[in-house]
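Structure, as structure tokens:
Each chain gets a letter, A, B and so on, in the order the sequences are listed, and its residues count up from 1.
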2 protein chains.
Amino acid sequence: MPLSQIPNASGTCPICPSHGKGMCQKMRVEDLLQTVKADRAQRTYPAGESLYQQGTTSPNYFVVLEGWVALSATLEDGEKQILDFVLPGELLGMQPYDDASFGHTAETLTTTKVLVLPRDQFDEAMITDPRLMSQVMRMAACREARAFDQMQNIGRRSARNRIAHMFVGLFYQLKGHFPQEPGESIELNLTLNHIGDALGLTNVHVSRTLGELRKQGLLHLNQRRMTVLNPIALMQASGYAATGARPIVSPLRIVV
Amino acid sequence: MPLSQIPNASGTCPICPSHGKGMCQKMRVEDLLQTVKADRAQRTYPAGESLYQQGTTSPNYFVVLEGWVALSATLEDGEKQILDFVLPGELLGMQPYDDASFGHTAETLTTTKVLVLPRDQFDEAMITDPRLMSQVMRMAACREARAFDQMQNIGRRSARNRIAHMFVGLFYQLKGHFPQEPGESIELNLTLNHIGDALGLTNVHVSRTLGELRKQGLLHLNQRRMTVLNPIALMQASGYAATGARPIVSPLRIVV
DNA sequence: CGCCAGATTGATACTGCTCAATGAATGTGG
DNA sequence: CCACATTCATTGAGCAGTATCAATCTGGCG
């Protein structure tokens, strides 16, 4: 039996390429809690706090239920790199070794509601229920793929194209499709500093480049809302148009 | 029972931070084959071939037994980014969805011996044997961590420091410890182009920067052999000295 | 109203890239 | 074993893209 056909999650998600084949799935929080045999422990964080910090360990996994979380690392010289944005439905806290300390910090960008899952119980549940483990494994593979995508973006694209790529990726994650009509917009809970830290640029340069994109009529960013003006040109700049590749969306989302 | 204590792999590895706690393990190929119920199918590739290619699917997983493999992606404009170097003992071919196509190419840098594992059988084995799956999951988490490390390197360090970081990381993976004595050396099966593609630099700039590092007496690269001249200064430049973090080594290695 | 974080803009410096020429090493066929 | 081709590395000159520093502007909020 292929991993994908393990019957566990209920419902399919309309976004991912494997739509309808049972791979991209939604799991209900209560089903998860039952599998893990854990009580519902929800916690709400204001913007700007950390779920866990670089260099520490945590006895919990977290499921993001609402809000945006950024994974970031601070280097020896104080430079910060944002590694990934985590949107609702994803699981945080996986580690290569049980006692490993985190190599990055998970900080909230908005008010964020998370589900707290004791590590012991969750690990135990994965052993007794391979269906769960296989889904977590897929999620891990997905995160690697997203990290690879980011590496290409940072390493090999111009500032202009980096921004376009990131924005289109987030657009797709949030809306479930590529930008098509002029005027479509998403809410970006990000400052220019966040964008710069994610893309290996300074906030100053992000500002200039956004101005350019604006002037060229590709997109518009104002008050944390990004509006697409010219979807064709934006897709072109993002790099998604040429390859036909799609942004990577987690194969599993955990929902209330 | 913590995931780490699932008894499957035999032997511990002397490298990783969890040494001796049963987490970083070696698994023998014959044990793996027995678990997977697969025949021993080995294949040898000359340097410069691909195990699988970006945009395609593969019905196999691969275990690298000997040689170096690079994971790389080519962008719409032909620019190439090397995403990771895969050394012997690691498993390749995990995917977020069953029918997903690869977002990157796995190409051999040297003559490479790999073990070929049919995807169906391996997936099946992971379901029936959670011990195996848990180890693969850890490996996936490790790969994410390594990707994160690379992102920091590319996004936020100078060319000089990027090179130092990468070389120290590879040194650690190969030798099991940080450079300590002047004169210690490793074989890097890489051209300057490979190094540049991994670090988001041009081969020209890598050449210049290596010249500088040489002149400053940190290290020396010649005929694919990197010799450490000043371990202290090199560690400083690599960023490992300041944070105390260690290069990420896979928690599982599959050996003959 | 005043404060403050975030965004914008300008001037200047620097890092790393491009293009191009040359040199060194490696491989190939005769 | 040599002549040649090919790939890889080095070096120089000039340029492009991004950073830095600093000043100013804007909008939200106590």
Side-chain angles (χ1 to χ4, degrees), chain A residues 46-48 70 75 77-82 107 109-111 153-166 187-216 219-227 237, chain B residues 46-49 70 75 77-82 107-111 153-166 187-216 219-227 237:
Chain A
L75 277 76
D77 60 354
E79 289 289 290
K80 180 173 157 187
Q81 174 73 48
I82 291 184
E107 59 174 327
L109 297 176
T110 64
T111 302
N153 206 25
I154 297 172
R156 288 303 188 196
R157 272 194 263 257
S158 66
R160 185 188 134 98
N161 293 2
R162 273 182 233 185
I163 290 176
H165 186 85
M166 169 171 155
E187 181 151 22
L188 283 184
N189 298 297
L190 305 171
T191 65
L192 298 198
N193 249 311
H194 290 135
I195 298 172
D197 285 342
L199 297 176
L201 301 168
T202 59
N203 57 350
V204 176
H205 198 61
V206 171
S207 174
R208 287 191 223 280
T209 309
L210 279 174
E212 210 178 285
L213 288 168
R214 172 76 234 258
K215 203 158 47 179
Q216 296 168 352
L219 60 81
H220 180 48
L221 179 59
N222 205 332
Q223 308 299 103
R224 312 257 155 127
R225 178 157 286 274
M226 190 273 290
T227 306
Chain B
E49 300 219 342
L75 276 76
D77 60 353
E79 289 289 289
K80 181 172 158 187
Q81 174 73 48
I82 291 183
E107 59 173 327
T108 57
L109 296 175
T110 63
T111 302
N153 206 24
I154 297 172
R156 288 303 189 197
R157 272 194 262 257
S158 67
R160 185 188 134 100
N161 292 3
R162 276 183 231 184
I163 291 176
H165 187 84
M166 170 172 154
E187 179 149 23
L188 283 184
N189 297 297
L190 304 171
T191 65
L192 298 200
N193 249 312
H194 289 135
I195 298 171
D197 284 343
L199 297 176
L201 301 168
T202 57
N203 58 350
V204 176
H205 198 59
V206 172
S207 175
R208 286 189 223 282
T209 310
L210 280 174
E212 209 178 287
L213 286 169
R214 171 77 235 258
K215 201 157 49 176
Q216 296 168 351
L219 61 82
H220 180 48
L221 179 59
N222 206 331
Q223 308 297 97
R224 313 256 155 129
R225 179 158 284 276
M226 190 272 291
T227 307

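- In this entry the distance linking CZ of Arg157(B) with C1' of dT15(C) reads 17 Å, nearest Å.
- An OP1 or OP2 oxygen of dA7(C) is reached within less than 4.0 angstrom by no side-chain nitrogen or oxygen of Ser207(A).
- Atoms NZ (Lys80(B)) and P (dC17(C)) sit 16 Å apart, rounded to a whole Å.
- Between Asn161(B) atom CG and dA19(D) atom P the separation is 16 Å, expressed in whole Å.
- Nucleotide dA16(D) holds its C1' atom 16 Å from the CZ atom of Arg160(A), rounded to whole Å.
- Residues Arg157(A) and Asp77(B) are not paired through a salt bridge, judged by the lack of any N-O separation under 4.0 Å between the basic side chain and the carboxylate.
- Within the nucleic acid shown, Ser158(A) comes within 4.0 Å of sugar-phosphate atoms alone, with no base atom in reach, counting heavy atoms only.
- Looking at heavy-atom distances under 4.0 Å, Gly200(B) makes contact with sugar-phosphate atoms alone, never a base.
- Backbone-only contact: Leu201(B) has heavy atoms under 4.0 Å from sugar-phosphate atoms and none from a base.
- Whole-Å rounding puts the His205(B) NE2 to dC14(C) C1' distance at 11 Å.
- Of the two residues contacting DNA chain D, namely His194(B) and Val204(B), the nearest-nucleotide position lying further toward the 5' end is that of His194(B).
- As rounded to whole Å, 12 Å separates atom P of dT18(D) from atom CZ of Arg208(A).
- What separates CG of Asn203(B) from P of dG16(C) is a distance of 15 Å, to the nearest Å.
- The closest side-chain heavy-atom distance from Lys80(B) to Leu75(B) is not below 4.5 Å.
- At dT26(C), one or more side-chain N or O atoms of Gln223(B) fall inside 4.0 Å of OP1 or OP2 (strictly under the cut-off).
- A straight line from CD1 of Ile195(B) to C1' of dG16(C) spans 16 Å, rounded to a whole angstrom.
- Two residues are said to be in side-chain contact when any heavy atoms from C-beta on lie closer than 4.5 Å; His194(B) and Leu192(B) fail this criterion.
- For Thr202(A) and dT18(D), the shortest distance from a side-chain N or O to OP1 or OP2 is not below 4.0 Å.
- Between the side chains of His205(B) and Thr202(B), no donor N or O sits under 3.5 Å from an acceptor N or O.
- Side-chain atoms of Leu201(A) and Ile195(A), non-hydrogen and from C-beta on, never get closer than 4.5 Å to each other.
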